[in-house]
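Every number for a ligand or one of its atoms is a count from 1 in the order of the listing.
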Amino acid sequence: MCPPTYFDVVYSINDWMDPTEPVDVRLAMLQWSNLVETYRSLGHDVVFVDPVPGLPDMVFVTDSGVVVDGVAMGARYRTEQRADEAEHVLRWFEANGLISPTRPEFVNEGEGDFMVVGQTILAGTGFRTDPRAHAELAAHLRREVVTLNLVDPSYYHLNTALGVLDDRTIAYLPKAFAPESLAVLQQRYPDAIIADEADTAWLGLNLVSDGRNVVLASQATGLAAQLSARGFVPVPVDMSEFRKSGGGIKCCTLELRGVERTRS
Ligand code: ARG
C-alpha cells in the first residue's frame, strides 16, 4: 500500500474526478489508515511503498503492477500524469526481490485491469490497458489471460466493474461490459453475483476478499447483503474521499501473491 500523503484531485483523467471539488486530505489519511488496520485485524501483512510528491494518484498502487507466484509485472501508464508512478513501484519490486523481467512494452495499469481469479487472469481493456498487454502478461506470468472489453466510462478499470471473491467466484456489473465479453463472463461464471448500480456507484465492486472476508465500501449495502446470502462476511470500510478520484479499496491495495515476507 502507499500512504495518501500527497493524495489530491488536481487533474481529471476519469469521469469521477472534478478538480474543483475539494478533497479532505486529513479524512483521506484516516480512511486509508483504517483500511490498513482492517487488513491487519484480518491477519494480513501490510507493507508500504513511499509516496512521492507530485504523484497524487500513487495511493492507488494496485494500478502499478500485478504479482503472481512471486513474479511481478510492472505497469506502464496510459496518462502522462501517472507515468512516473510505475518506476517507483518497479524499484520497490526490485528492492524486495520481485523482479519484473522487463519493462512492459504496452500500456497496462496493473491490477486496475488485471484481476486474478484462481489460475486465470481476467484482463480489461477499452479505456486504459492496451489489449496487446494481455498477451505480454500471459507470456510473463505463464497464466491464461482472458480479454474483457469495457464500454462504460464510469467503469474505466476492470476493478471498478468486477470483484474477485474467491478462486471461482466473482461479482460484476453487466452493463460495464461489451456484449461478447458479457457472454464470456456468463459462460465462465454462471454462479457470479450480479451487482446493482446503486452499489457500484459507490465503487462497491472495488473490493478485496480473502475468500471469506470481503472488505468493501460501507455504502454498498445491497452488495453486502448479497455477499452475506452467499456465505461471505462483508467487512465495510468507508473510502469516500478516494471515490472523488475514481478509486476505492482495491485500488489502494496491491496483493503480493506468492511472496512470503517482504521488507518494507
Ligand atoms: N485517479 C486515478 C486514475 O484515474 C484513480 C485510479 C483508481 N484505480 C483503479 N484501479 N480504479 O487513474
Side-chain angles (χ1 to χ4, degrees), residues 1-23 25 28 31-32 35 49 51-52 54-67 73-89 107-116 121-130 133 137 148 150-164 170-173 176-177 195 199-209 215-217 220 237 239-255:
M1 297 179 76
C2 177
T5 316
Y6 307 106
F7 173 61
D8 205 349
V9 177
V10 293
Y11 49 75
S12 180
I13 54 172
N14 69 49
D15 281 8
W16 304 76
M17 301 174 85
D18 174 2
T20 64
E21 191 190 346
V23 169
V25 181
Q31 291 178 336
W32 180 87
L35 181 60
V49 60
V52 177
L55 295 176
D57 275 335
M58 198 172 162
V59 63
F60 303 119
V61 69
T62 211
D63 302 334
S64 283
V66 53
V67 179
M73 167 93 166
R76 183 182 186 111
Y77 279 92
R78 160 96 30 210
T79 59
E80 161 102 353
Q81 290 94 332
R82 298 195 66 185
D84 289 348
E85 294 177 36
E87 190 60 31
H88 289 287
V89 176
V107 167
N108 89 69
E109 296 200 352
E111 286 205 43
D113 277 319
F114 295 143
M115 314 218 47
V116 181
I121 300 179
L122 301 179
T125 187
F127 296 100
R128 299 288 181 88
T129 297
D130 187 314
L137 181 77
L148 298 170
L150 297 165
V151 293
D152 183 331
S154 293
Y155 304 100
Y156 60 97
H157 269 144
L158 183 61
N159 74 10
T160 62
L162 186 150
V164 180
I170 62 168
Y172 65 90
L173 177 71
F177 296 91
D199 298 310
T200 61
W202 281 100
L203 292 169
L205 288 171
N206 200 253
L207 54 79
V208 172
S209 173
V215 183
L216 86 168
V237 168
M239 295 289 275
S240 59
E241 287 310 296
F242 299 97
R243 181 175 176 257
K244 295 174 178 172
S245 189
I249 291 163
K250 173 61 193 149
C251 301
C252 293
T253 316
L254 176 59
E255 195 172 330

Proximity flag Tyr77 to ligand 1, non-hydrogen atoms under 4.0 Å
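In this structure, Tyr77 fails to qualify as a contact of ligand 1 - no heavy atom is under 4.0 Å.
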Ligand 1 and [X], any nitrogen or oxygen pair closer than 3.5 angstrom?
{"X": "Ser245", "result": "yes"}
{"X": "Asp63", "result": "yes"}
{"X": "Asn14", "result": "yes"}
{"X": "Thr62", "result": "no"}

Run the numbers for me: atoms of ligand 1, each under 4.0 Å from some heavy atom of [X], listed by number.
{"X": "Cys251", "value": "7 (C), 8 (N), 9 (C), 10 (N), 11 (N)"}
{"X": "Gly246", "value": "7 (C), 11 (N)"}
{"X": "Gly112", "value": "10 (N)"}
{"X": "Thr160", "value": "11 (N)"}
{"X": "Asn159", "value": "9 (C), 10 (N), 11 (N)"}

Looking at [atom1] of [X] and [atom2] of [Y], how far apart are the two atoms once the value is rounded to the nearest 0.5 Å?
{"X": "Asn206", "Y": "Leu216", "atom1": "CG", "atom2": "CG", "value": "10.0 Å"}
{"X": "Arg82", "Y": "Tyr11", "atom1": "CZ", "atom2": "OH", "value": "6.0 Å"}
{"X": "Thr62", "Y": "Met115", "atom1": "OG1", "atom2": "CE", "value": "7.5 Å"}
{"X": "Leu173", "Y": "Asp152", "atom1": "CG", "atom2": "CG", "value": "7.5 Å"}
{"X": "Ile13", "Y": "Ser245", "atom1": "CD1", "atom2": "OG", "value": "7.0 Å"}

Tell me whether [X] contacts the main-chain N or O of [Y] through its side chain, where contact means a donor paired with an acceptor under 3.5 Å.
{"X": "Gln31", "Y": "Glu241", "value": "yes"}
{"X": "Asn14", "Y": "Met17", "value": "yes"}
{"X": "Asp113", "Y": "Thr129", "value": "yes"}

Which bit of [X] gets closer than 4.0 Å to ligand 1, counting heavy atoms only: side chain, backbone, both or neither?
{"X": "Trp16", "answer": "neither"}
{"X": "Arg128", "answer": "side chain"}
{"X": "Val9", "answer": "neither"}
{"X": "Met17", "answer": "side chain"}

To which protein heavy atom is atom 12 (O) of ligand 1 closest, and what is the distance rounded to 0.1 Å?
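Answer, as residue, atom name and distance: Arg82 NH1, 2.7 Å.
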Considering only protein heavy atoms, which is closest to atom 2 (C) of ligand 1, and at what distance to one decimal place?
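Going by distance alone, atom 2 (C) of ligand 1 is nearest to Asp57 OD2, 3.4 Å.
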Apply side-chain contact (heavy atoms from CB on, under 4.5 Å) to residues Trp16 and Val9 and explain how you reach the verdict.
CA-CA 10 Å; Trp16 304 76; Val9 177; over 6 Å; no
Using a strict cut-off of less than 4.0 Å between a Lys/Arg side-chain nitrogen and an Asp/Glu carboxylate oxygen, indicate whether Lys250 and Glu111 qualify as a salt bridge.
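Salt bridge present between Lys250 and Glu111.
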